[in-house]
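Below is one structure; the comments refer to it alone.
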Amino acid sequence: MAELKDTTREGADTAPATGGNPPATEAAEPPVPTVIAEDLHIVYRVQGGRQKGNAAAALRRILRREPSGRVREVHAVRGVSFIAHRGEAIGLIGSNGSGKSTLLRAIAGLLPAERGRVYTNGQPSLLGVNAALMNDLTGERNVILGGLAMGMSREEIRERYDEIVEFSGINDKGDFITLPMRTYSSGMQARLRFSIAAAKQHDVLMIDEALATGDKKFQKRSEARIRELRATAGTVFLVSHNNRTIEKTCDRVIWLEKGELVMDGPTEPVLKAYAEENAR
Ligand SMILES: Nc1ncnc2c1ncn2[C@@H]1O[C@H](COP(=O)(O)OP(=O)(O)OP(=O)(O)O)[C@@H](O)[C@H]1O
Ligand SMILES: [Mg+2]
């Protein structure tokens, strides 16, 4: 097994604590941990929130380009701990602003931990609805760009190109793949992003709401692809506000609220508790 890497701090020398939930499915071999979060805290610091004082003073500050001098803190993830294993698909649920996207960004190594650690085994890839594709480039160029950004070689991209385009269904209604991304509907853009990300075998694939904008047919296809990705080794994290998508793709669910972990367990009981809480 490759050594677990600390994505939140360089040069970590302490070993992670073991324990946590075994995967829901019975495996012949012992479960391989892929992501370990240990009492993880993430704090955003926002420069210059609104200050008390009169409008004239504020205007003067803006005109003089003086910094407002105030830093506001948003404590977005508060002491979250879990262990994810190879072969698991984990749904992340919780109300808006509960810290789901923040948690994924921290696992991807894009945000530093205020306290606690994240260890990952393998390279995590975050597929968000805002994943870095270029609106002025054609779909075709974006497939290449996205592939390179994920660490695929040009050769690999060439091999998978037709498959990616076909899976996205972008060309179903005409030759859209040779048009700039900005001419695509938001659903079409999301489909292309998902197709590019799904073409690669990921150690840890994190999908943030990417399925939400696709139509029914594409949702079905991407759910099947997630199950496949999961079956061929990797770990999948899926953020979705659609419980049915979570039900169909995940065997485990982590529920966050106000940055704290409320529940972590098999899909059905967690979704049930979440639904009960929201019915109140
Ligand atoms: N770049 C940022 N700077 C400052 N605060 C942020 C930033 N991004 C998110 N936050 C704050 O962190 C908290 C968690 O946000 P996050 O985006 O992780 O929630 P979420 O669970 O993904 O919500 P949603 O379901 O709406 O996508 C919120 O209070 C949000 O306002
Ligand atoms: Mg989010």
Side-chain angles (χ1 to χ4, degrees), residues 7-8 35 37-51 67-82 84 89-118 120 124-133 186-187 189-191 193-194 197 204-214 219 222-223 226 235-250 252-265 267 270-271 273-280:
T7 57
T8 49
V35 178
E38 208 184 33
D39 189 30
L40 183 65
H41 289 258
I42 305 289
V43 175
Y44 289 105
R45 291 196 167 74
V46 189
Q47 277 286 344
R50 192 175 63 85
Q51 280 197 327
S68 73
R70 248 185 94 190
V71 176
R72 297 253 293 267
E73 293 193 345
V74 182
H75 199 155
V77 170
R78 299 163 181 260
V80 168
S81 302
F82 63 86
I90 303 176
L92 273 182
I93 59 170
S95 21
N96 293 130
S98 56
K100 304 179 295 294
S101 300
T102 304
L103 181 61
L104 291 193
R105 284 201 287 267
I107 295 171
L110 301 174
L111 287 174
E114 183 77 9
R115 261 197 355 251
R117 302 280 171 90
V118 176
T120 58
S125 325
L126 175 60
L127 165 72
V129 269
N130 301 317
L133 297 184
S186 54
Q189 293 191 15
R191 285 160 72 140
R193 285 199 178 92
F194 180 84
V204 178
L205 174 62
M206 297 176 286
I207 305 168
D208 197 344
E209 300 279 11
L211 309 179
T213 38
Q219 263 182 31
S222 30
E223 281 164 7
I226 289 177
T235 304
V236 178
F237 285 90
L238 176 71
V239 172
S240 178
H241 288 283
N242 183 340
N243 282 0
R244 279 188 54 75
T245 303
I246 300 255
E247 246 166 29
K248 279 196 227 145
T249 43
C250 303
R252 174 177 167 191
V253 173
I254 290 176
W255 171 15
L256 293 179
E257 232 35 274
K258 294 185 182 143
E260 287 177 8
L261 195 151
V262 179
M263 226 176 144
D264 173 4
T267 303
V270 181
L271 284 185
Y274 182 61
E276 276 166 14
E277 179 67 27
N278 284 296
R280 281 191 216 171

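Whatever order the structure lists them in is the order used to number ligands and atoms, beginning at 1. Count residues from 1 along the sequence. Only heavy atoms go into these numbers, but all of them, side chains included; no hydrogens, no water, no symmetry mates.
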**Protein contact of atom 18 (O) of ligand 1 - nearest heavy atom, named by residue and atom, plus distance** = T102 OG1, 2.5 Å
**For the student: nearest non-hydrogen atoms of I42 and A113, plus distance** = CD1-CA, 3.9 Å
**Message:** Looking at V35, is its backbone amide N or carbonyl O close enough to the side chain of T120 to form a donor-acceptor pair, meaning the two atoms are under 3.5 Å apart?
**Reply:** no
**Request:** Please determine if the Mg ion (ligand 2) has an N/O/S atom from N96 lying under 2.8 Å away.
**Result:** no
**Prompt:** For ligand 1, which atoms sit closer than 4.0 Å to a heavy atom of V46?
**Reply:** 4 (C)
**Message:** Whether the side chain of S98 engages the backbone of K258 through a donor-acceptor N/O pair (distance < 3.5 Å, no angle test) should be reported.
**Reply:** no
**Message:** Test side-chain contact (heavy atoms from CB on, under 4.5 Å) on T245 and L238; report intermediate values, then the result.
**Reply:** CA-CA 9 Å; T245 303; L238 176 71; 3.9 Å; yes
**Request:** Give the residue, atom name and distance (to 0.1 Å) of the protein heavy atom nearest atom 26 (O) of ligand 1.
**Result:** N96 ND2, 2.9 Å
**Closest approach of any protein heavy atom to atom 22 (O) of ligand 1, naming residue and atom** = S101 OG, 2.8 Å
**Parallel, tilted or perpendicular, as decided by the 30° and 60° cut-offs, for the rings of W255 and Y274** = perpendicular
**Where ligand 1 meets A76 - atom numbers and elements under 4.0 angstrom, heavy-atom basis** = 12 (O), 13 (C), 14 (C)
**Numbered atoms and elements of ligand 1 in range of H241, under 4.0 angstrom, heavy atoms** = 25 (O)
**Asked** Can you find a non-hydrogen atom of R105 under 4.0 Å from ligand 1?
**Response** yes
**Request:** Could you point out which residue of T267, I254, V262, I246 forms a side chain to side chain contact (heavy atoms under 4.5 Å, CB included) with I93?
**Result:** I246
**Request:** Run the salt-bridge test on R244 and E223 with the 4.0 Å N-O cut-off and return the result as yes or no.
**Result:** no
**Asked** Do E260 and E257 touch side chain to side chain, with heavy atoms closer than 4.5 Å?
**Response** no
**Message:** Which of the numbered atoms in ligand 1 are under 4.0 angstrom from any heavy atom belonging to S98?
**Reply:** 19 (O), 20 (P), 21 (O)
**Heavy atom of the protein closest to atom 10 (N) of ligand 1 (residue, atom name, distance)** = Y44 CE1, 3.4 Å
**Message:** What I want to know is whether G99 and ligand 1 share at least one N or O pair that is separated by under 3.5 angstrom.
**Reply:** yes
**Asked** Side-chain contact, heavy-atom cut-off 4.5 Å: H241 with N96?
**Response** yes
**Residue and atom name of the nearest protein heavy atom (relative to atom 14 (C) of ligand 1), distance in Å to one decimal** = G97 O, 3.4 Å
**Item:** Sub-4.0 Å protein heavy atom near atom 31 (O) of ligand 1
**Value:** no
**Item:** atom 11 (C) of ligand 1 [closest protein heavy-atom partner, distance rounded to 0.1 Å]
**Value:** V74 CG1, 3.7 Å
